[in-house]
Structure formats: structure tokens, C-alpha cells
Amino acid sequence: MAASHWLVKSEPNTYSYADLERDGRTVWDGVRNNAAALHLKSMQEGDEVLFYHSQEGLAVVGVAKVIRTAFPDASDPSGRFVAVEIAPVRPLKRPVTLAEMKAEPALSGMVMLRQGRLSVSPVSDAEWAAILKMAGG
DNA sequence: GCCAACGTTGGC
DNA sequence: GCCAACGTTGGC
């Protein structure tokens, strides 16, 4: 199966892209939504992930990659949900804001825009390319 | 701070 | 198994 692209949201007050760079890697846990959990389970090692700041910033700020595929989320007592591990790849040259993404026709079908509350969502190759282009290459 | 979207829970 | 009530997320 070919590598896929994803987008994850994080409130920078809680965990920012700078925190990920500082830590070098982190366990992406705490997801308590079935649709998001399915996406986590589909992630493969090496898949690249857009890191989006919600609440504050409202922009994609960096690229991360999956370094460990889904495993049981130790913070979930029910045992239903999973976590992955991600590591930073590089910050975007220029953050791509939500407003810019909404205004970009190439992104009109993006899952993240259509389903605002979803914390983990797939990104198509075309969407991925468009966002990196908007970020300055 | 408010509100819309939407997932989850619980009564029936 | 349906559906109303409730809780959470996240944009504005």
C-alpha cells in the first residue's frame, strides 16, 4: 500500500509543533473519536502528516512523520482507541492558515474543511501538494 | 464567550 | 434500535 498523507490537529497551548521539535518524537494519544481512530489505524510508518494548530494560530505549521504504527492507547481505559508515534520533519517555510485553505479551490473537498471537528483526517496527494506550494515549496 | 456540528449516551 | 439530551471540539 502506498504511503498516505494525513493531517492532525493540536492546540498549541497544549502541544505545539515547537514542542514536537523539542521532544524529537511524541506519542499521539488521547484521540477519542471512532473516525479519527480509524485513520490512526491506517497510518503506516513513514507516512507524512501535516501538523495543524487549532484554537490558536489556525494554521498548518509543520510536517511530521509516523514513526510507529497504531498500538493500544494506554490512556484509554476502554481499550477501544489507539495511538501512534510521530516525529518532526520540518516546519513550513510559511504557515498556511485556515482562511487561505478555505479560499483555495484545490482544497474545497478536503476532509478537514468539511468535517471541522475531526482531529485526524486524510489528505489527498493533490491537497498535500497544494498546501506545500502555499507554504512556499 | 457563543454557537454550530456532530459524536455519544441512555431511556424507552 | 430509535431518538432526544448532552458533551466536546473548534471556528468565529
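We name chains A, B, ... by the order of the sequence lines, and we start the count at 1 in each one.
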Which parts of nucleotides 5-12 of chain C does protein reach within less than 4.0 Å, heavy atoms only, written one letter per nucleotide 5' to 3' as B for base, S for sugar-phosphate only and - for none?
--BBBBBS
Just by modelled atom types, is the A:Ala83 backbone N or O under 3.5 Å from a matching donor or acceptor in the A:Asp29 side chain?
no
Main-chain N/O of A:Gly30 paired to A:Asp73 side chain as donor or acceptor, under 3.5 Å:
yes
Which residues in residues 27-35 of chain A have at least one heavy atom lying under 4.0 Å from any atom of DNA chain B?
A:Asn33, A:Asn34
With sequence neighbours left out, what residues match A:Arg94 under salt bridge (Lys or Arg N to Asp or Glu O under 4.0 Å)?
A:Glu100
Decide yes or no for [X] and [Y]: does some side-chain heavy atom of the first lie under 4.5 Å from some side-chain heavy atom of the second?
| X | Y | answer |
| --- | --- | --- |
| A:Asp23 | A:Tyr15 | yes |
| A:Thr69 | A:Val84 | no |
| A:Val120 | A:Met112 | no |

Hey, what bend do you get for the helix from B:dG1-C:dC12 to B:dC12-C:dG1 if you fit axes on five pairs at each end, rounded to 10°?
10°
Could you tabulate the donor-acceptor pairs under 3.5 Å formed by side-chain atoms of residues 49-60 of chain A, not counting sequence neighbours?
unit_1, atom_1, unit_2, atom_2, d
A:His53, NE2, A:Tyr17, N, 3.0
A:Gln55, NE2, A:Glu11, OE2, 3.4

Exceeds 12 heavy-atom contacts within 6.0 angstrom, atom CZ of A:Arg22
yes
A:Asp125 side, atom CG; A:Ser4 side, atom OG - distance, nearest 0.5 Å:
8.0 Å
side-chain contact (heavy atoms from CB on, under 4.5 Å) with A:Asn33: which residues, sequence neighbours excluded?
A:Ala35, A:Ala36, A:Leu118
